[in-house]
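What follows is one structure encoded as structure tokens, with my remarks underneath.
All values below come from the heavy atoms of this structure, side chains included, with hydrogens, waters and symmetry mates left out. Computed from a predicted model, the values in this text were never measured in an experiment.
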Amino acid sequence: MPQPQTNPASKCMNVLRSACLAMAILCTQGCAGSAPVPGGTTAVNQPYFNSGNDLKTRVDKLSPGMSEEEALNTLGVKKAQMTLLDRIGIRKALFGGENSPLPGTPEEQMEIYTIIQESIGYKLDYKDTYRKHGLSSPIRLQTDEKGVSYSVTMVFHDGALLEKPVLSGGPINDTDSTTIFDFLNPGTAIGLVD
């Protein structure tokens, strides 16, 4: 027996009704100042370091001229855990930008360009954060994220560390807030139907 066809507009209305019902239940169950709910964690290369301070301590032990193998052993990581930088990434690591002018005379600039072409660069990301969700008002959802996020960039030339690695990042203490109406726009509902 053939099944009756439902049109997309009726599917969309069903999704909107379900979303409104879910939000109404949330609003009646909780109010402003209600207990936060765990929101998950994000970990990148976290098992290899005890903490962000452990990573920083190991990076401080790296010095120019150190062999690639010695540098990786000091960090306690393998090449497979790192992102290989392209030439633009190496230039950014050494000079702070892909469009920044190279220092020196044209001859020195050509020599620097050759060094960049012959160098190998790596980036190691480390992130250890946790999130919690809660209602900051009957219609506003709030997410708090805390932890640390670091990125280490290293450049090697002829198998030796060219300069002290660049360590960027630091503590994360972010708050993001959205209303339930952000989830009820027609674009979101149609996306849920598909």
Side-chain angles (χ1 to χ4, degrees), residues 38-133 141-178 182-183 187-188 191 194:
T41 61
T42 301
V44 178
N45 286 320
Q46 188 262 345
Y48 304 102
F49 304 97
N50 296 329
S51 65
N53 287 334
D54 180 32
L55 170 68
K56 288 168 39 177
T57 301
R58 294 189 204 184
V59 170
D60 284 342
K61 293 178 183 176
L62 302 177
S63 57
M66 190 178 269
S67 72
E68 185 175 335
E69 182 181 354
E70 187 181 358
L72 297 182
N73 286 338
T74 301
L75 280 177
V77 296
K78 300 187 183 322
K79 285 184 188 180
Q81 293 167 243
M82 299 186 292
T83 303
L84 186 64
L85 297 177
D86 60 11
R87 298 295 169 233
I88 293 172
I90 292 171
R91 182 173 173 154
K92 283 180 182 179
L94 295 174
F95 299 102
E98 63 185 86
N99 294 325
S100 61
L102 294 175
T105 64
E107 293 78 21
E108 291 170 330
Q109 289 175 351
M110 198 61 203
E111 188 177 328
I112 291 170
Y113 180 78
T114 303
I115 290 172
I116 290 172
Q117 293 300 315
E118 295 171 350
S119 295
I120 296 174
Y122 299 105
K123 184 174 93 163
L124 175 70
D125 292 320
Y126 173 83
K127 189 170 187 179
D128 187 14
T129 63
Y130 65 92
R131 289 177 301 283
K132 61 183 178 180
H133 305 291
L141 303 170
Q142 180 173 312
T143 301
D144 295 322
E145 183 177 24
K146 297 185 186 313
V148 293
S149 178
Y150 290 104
S151 183
V152 180
T153 307
M154 301 177 286
V155 178
F156 295 91
H157 184 256
D158 290 334
L161 192 58
L162 195 56
E163 63 178 28
K164 188 85 175 154
V166 176
L167 178 67
S168 59
I172 293 175
N173 189 5
D174 291 337
T175 298
D176 184 35
S177 180
T178 57
D182 295 334
F183 298 103
T188 303
D194 292 338

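- Side chains of Val77 and Leu124 form a contact here, defined as non-hydrogen atoms less than 4.5 Å apart.
- Under the side chain to side chain donor-acceptor pair (under 3.5 Å) criterion, Asp158 pairs with no residue, sequence neighbours left out.
- Taking Glu69 as the reference, Ser67, Asn73 meet the side-chain contact (heavy atoms from CB on, under 4.5 Å) condition, with sequence neighbours excluded.
- Annotation for Asp54 and Phe49: closest pair OD2-CA, 3.4 Å, computed over non-hydrogen atoms.
- Arg58 places none of its side-chain heavy atoms less than 4.5 Å from the side chain of Leu55.
- Among residues two or more places apart in sequence or in another chain, the side chain to side chain donor-acceptor pair (under 3.5 Å) test is passed with Ser63 by none.
- Between Thr153 and Ala93 the shortest heavy-atom distance is CG2-CB, 3.4 Å.
- Under the side-chain contact (heavy atoms from CB on, under 4.5 Å) criterion, Thr114 pairs with Glu118, sequence neighbours left out.
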Derivation and outcome, side-chain contact (heavy atoms from CB on, under 4.5 Å), residues Tyr122 and Val152: CA-CA 8 Å; Tyr122 299 105; Val152 180; over 6 Å; no
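- Here Asn53 contributes atom CG and Tyr150 contributes atom OH; the two are 6.0 Å apart, rounded to the nearest 0.5 Å.
- For Pro103, the side-chain contact (heavy atoms from CB on, under 4.5 Å) criterion is met by Phe95, Ile112, not counting sequence neighbours.
- In this structure, the salt bridge (charged side-chain N to carboxylate O under 4.0 Å, His left out) partners of Glu68, at least two apart in sequence or on a different chain, are Lys79.
- Minimum heavy-atom separation, Ile115 to His157: O-CD2, 3.7 Å.
- To the nearest 0.5 Å, the span separating NZ on Lys61 from NZ on Lys56 amounts to 14.5 Å.
- With rounding to the nearest 0.5 Å, the separation of OG in Ser149 from CG in Asp125 is 7.0 Å.
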Residues 80-87 side chain polar contacts: donor-acceptor under 3.5 Å, at least two apart:
unit_1	atom_1	unit_2	atom_2	d
Gln81	OE1	Lys78	N	3.0
Asp86	OD1	Ile88	N	3.3
Asp86	OD1	Gly89	N	2.7
Arg87	NE	Gln117	O	3.4
Arg87	NH1	Ser119	O	2.7
Arg87	NH2	Gln117	O	3.0

Distance-only criterion, 3.5 Å: show the donor-acceptor pairs between side-chain atoms of residues 159-173 and protein atoms not counting sequence neighbours.
unit_1	atom_1	unit_2	atom_2	d
Lys164	NZ	Val59	O	3.4
Lys164	NZ	Asp60	O	2.9
Lys164	NZ	Leu62	O	2.5
Asn173	OD1	Lys146	NZ	2.6

